[in-house]
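To start, the structure itself, in structure tokens.
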Amino acid sequence: MMPQAVEVIAPSRLHFGLLSVHRSDPQRYGGVGAMVATPGIRLVVRWGKGLVATGPLAARARRLARRVGSILLGAVPEVHIRIHAAPPEHVGLGTGTQLSMAVAAGL
């Protein structure tokens with residue numbers, strides 16, 4: 001039996017910057033970071049009509065779900081994504097990456 005809802009909790013990642021690893025190819029940098037439980041992302045994905053996302057970062061979650069669903073499922077998923085908690089974007093917490101992973105895991 002398919003679950004009615006899936007809750008996904010994703011920690012944040014503290015970014016400590018890029019490090020040069022002395023390579024000559026285009027990907028010559030690597031990152032260092034640490035995972036922290038809070039602030040993190042908490043969302044719930046339920047079956048629904050159409051694709052709906054609510055809460056902080058809802059527009060971004062909707063775009064991600066459309067893209068991920070098309071790739072993984074071959075169609076735009078008919079789900080309701082409710083984001084209960086998310087840290088702010090562009091402050092070094094990996095919010096975009098963690099949101100992407102949480103939406104993909106929920107789908």
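A quick note: this is a predicted structure, and the numbers were derived from the prediction, not measured.
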Decide yes or no for [X] and [Y]: does some side-chain heavy atom of the first lie under 4.5 Å from some side-chain heavy atom of the second?
X: T95; Y: L57; value: yes
X: L99; Y: L64; value: yes
X: V36; Y: P11; value: no
X: V76; Y: S70; value: yes
X: T97; Y: R13; value: no

Single-linkage hydrophobic cluster, 4.5 Å side-chain cutoff, [X] and [Y] together:
X: L72; Y: M101; value: no
X: V6; Y: L51; value: yes
X: V52; Y: W47; value: no

R63 CZ to S100 OG distance, which is reported to the nearest 0.5 Å: 10.0 Å

Gap between atom CG of L93 and atom CE of M35 - 0.5 Å precision: 10.0 Å

More than 12 heavy atoms from other groups under 6.0 Å of CZ on R46: no

Heavy-atom pair with the smallest gap, counting every atom of G69 and P77: CA-CD, 3.8 Å

Heavy-atom pair with the smallest gap, counting every atom of G55 and R82: CA-NH1, 2.9 Å

Stepwise side-chain contact (heavy atoms from CB on, under 4.5 Å) check, K49 with H80: CA-CA 8 Å; K49 288 190 173 191; H80 182 169; over 6 Å; no

side-chain contact (heavy atoms from CB on, under 4.5 Å) between L107 and V79, intermediate numbers included: CA-CA 8 Å; L107 294 178; V79 295; 4.0 Å; yes

Working for side-chain contact (heavy atoms from CB on, under 4.5 Å), residues V103 and L43: CA-CA 8 Å; V103 167; L43 58 83; 4.1 Å; yes

Derivation and outcome, side-chain contact (heavy atoms from CB on, under 4.5 Å), residues V44 and H84: CA-CA 8 Å; V44 174; H84 294 277; 3.7 Å; yes

E7 and R42: CA distance, side-chain angles, deciding distance, salt bridge (charged side-chain N to carboxylate O under 4.0 Å, His left out) verdict: CA-CA 7 Å; E7 180 180 32; R42 186 170 70 87; 3.1 Å; yes

